[in-house]
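Note that these values count all heavy atoms, side chains included, but never hydrogens, waters or copies made by symmetry.
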Amino acid sequence: MAEILETIARRQSVRTFSDKPVGEEMVQVLLHAAQCAPSAGNQKPWHFVVLQDRQVITRIPEFHPYSAVLLKCTLAIALFANPEEELFPGNWPLDCAAATENILLQAEALHLGAVWLGIYPEEERMQNLEALLEVPRNYRAFSVVAVGHPAEKPRFPERIFDSSRIHYDRW
């Protein structure tokens with residue numbers, strides 16, 4: 001199996017982290033991977049807010065009901081986009097999804113744990129995150145990725161190739 005396929009197959013959502021901080025070099029690698037994602041017209045409308053301040057990170061669960069994992073991680077990365085920077089309007093969520101997935105895959109390759117916390121398209125979550133992080137008015141929140149060193153060795157997830165979902169030329 002190719003190395004990238006092994007990383008993809010191993011990747012899983014990690015929700016328990018140790019107290020060990022994620023080093024700045026790893027943070028930069030995660031951000032570089034995110035910015036290598038494809039985007040419509042190669043416009044790359046994304047922007048990232050690196051969250052390391054516990055007082056900020058722990059406020060997100062106040063408005064995001066599925067984000068308690070943030071109370072345990074040492075790093076989070078919030079993704080935003082400026083729809084005004086798009087060459088092809090309406091594609092910013094797709095672009096941010098690709099960047100978010102690249103963060104998750106790079107975290108796995110670095111032996112870190114990570115989990116994608118959806119913000120978009122929940123308008124209340126989007127507005128609350130934008131206000132909390134003092135994001136300029138024309139930017140929209142997309143996701144938050146909790147990142148850290150796993151508290152325990154993750155179990156290798158079972159990924160089964162399902163050929164019944166594959167169709168050629170026609171359904």
Side-chain angles (χ1 to χ4, degrees), residues 1-54 56-58 60-61 64 66-82 85 91-121 125 129 133 135 139-163 165-166:
M1 193 179 330
E3 183 179 331
I4 189 67
L5 185 55
E6 289 176 18
T7 300
I8 292 167
R10 263 194 333 266
R11 196 224 56 85
Q12 64 182 313
S13 295
V14 173
R15 294 178 176 85
T16 57
F17 302 100
S18 74
D19 293 338
K20 182 179 176 184
V22 176
E24 183 58 29
E25 185 177 319
M26 286 184 168
V27 173
Q28 292 303 311
V29 171
L30 292 168
L31 295 169
H32 187 160
Q35 292 189 42
C36 287
S39 67
N42 201 32
Q43 292 301 292
K44 303 181 182 196
W46 47 59
H47 294 263
F48 307 87
V49 178
V50 177
L51 302 170
Q52 297 171 315
D53 182 337
R54 299 298 312 147
V56 174
I57 293 172
T58 58
I60 297 171
H64 191 311
Y66 309 108
S67 66
V69 65
L70 290 170
L71 301 174
K72 303 170 192 164
C73 70
T74 59
L75 170 72
I77 300 172
L79 281 80
F80 298 85
N82 182 348
E85 293 178 5
N91 281 288
W92 72 267
L94 304 173
D95 298 344
C96 286
T100 300
E101 180 68 6
N102 276 14
I103 292 170
L104 296 172
L105 292 172
Q106 186 61 63
E108 175 61 35
L110 292 171
H111 305 288
L112 295 171
V115 62
W116 178 336
L117 304 171
I119 300 293
Y120 176 87
R125 289 183 205 167
L129 187 62
L133 302 182
V135 175
Y139 290 80
R140 300 307 329 260
F142 179 77
S143 66
V144 173
V145 180
V147 182
H149 294 274
E152 54 194 42
K153 185 176 173 107
R155 181 182 61 80
F156 187 78
E158 185 176 341
R159 306 277 194 221
I160 299 171
F161 180 78
D162 184 354
S163 62
R165 295 185 175 263
I166 310 299

Hey, are the side chains of D95 and K44 touching, using non-hydrogen atoms and a 4.5 Å cut-off?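 Contact flag for D95/K44 side chains = no.
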E24: partners by side-chain hydrogen bond (donor to acceptor under 3.5 Å, both in side chains), with sequence neighbours left out: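 E24: side-chain hydrogen bond (donor to acceptor under 3.5 Å, both in side chains) contacts with Q28.
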Partners meeting side-chain hydrogen bond (donor to acceptor under 3.5 Å, both in side chains) with N42 (sequence neighbours left out):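 Per chain and number, N42 pairs via side-chain hydrogen bond (donor to acceptor under 3.5 Å, both in side chains) with no residue.
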Short side-chain to backbone donor-acceptor contact, S18 and A151, under 3.5 Å: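 Answer holds: no.
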When you measure from the side chain of H64 to the backbone of G118, do you find a donor-acceptor pair of N or O atoms at a distance under 3.5 Å?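 Indeed, once roles are kept as given, a pair shorter than 3.5 Å links the two residues.
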Other residues, nucleotides, ligands: >12 heavy atoms within 6.0 Å of D19 CG: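 Result for CG/D19: open.
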Can you list every side-chain hydrogen bond (donor to acceptor under 3.5 Å, both in side chains) pair that touches residues 97-109, not counting sequence neighbours?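 For residues 97-109: R10-E108, T100-S143.
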So which atom in [X] and which in [Y] form the shortest heavy-atom distance, rounded to 0.1 Å?
{"X": "A40", "Y": "N91", "result": "CB-CB, 3.6 Å"}
{"X": "L105", "Y": "T7", "result": "O-CG2, 3.6 Å"}
{"X": "P21", "Y": "T74", "result": "CA-OG1, 3.7 Å"}
{"X": "S67", "Y": "P61", "result": "OG-CA, 3.2 Å"}

Parallel, tilted or perpendicular: which fits the ring planes of W46 and F48, with parallel below 30° and perpendicular above 60°?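 Aromatic pair W46/F48 classed tilted.
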Should the ring pair W116 and F142 be called parallel, tilted or perpendicular, given that the plane angle runs from 0 to 90° and is split at 30 and 60?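 Tilted, since the angle between the ring planes falls between 30° and 60°.
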Out of V22, L30, L31, which residue meets the side-chain contact (heavy atoms from CB on, under 4.5 Å) rule with V50?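 Single pass found, and it is L31.
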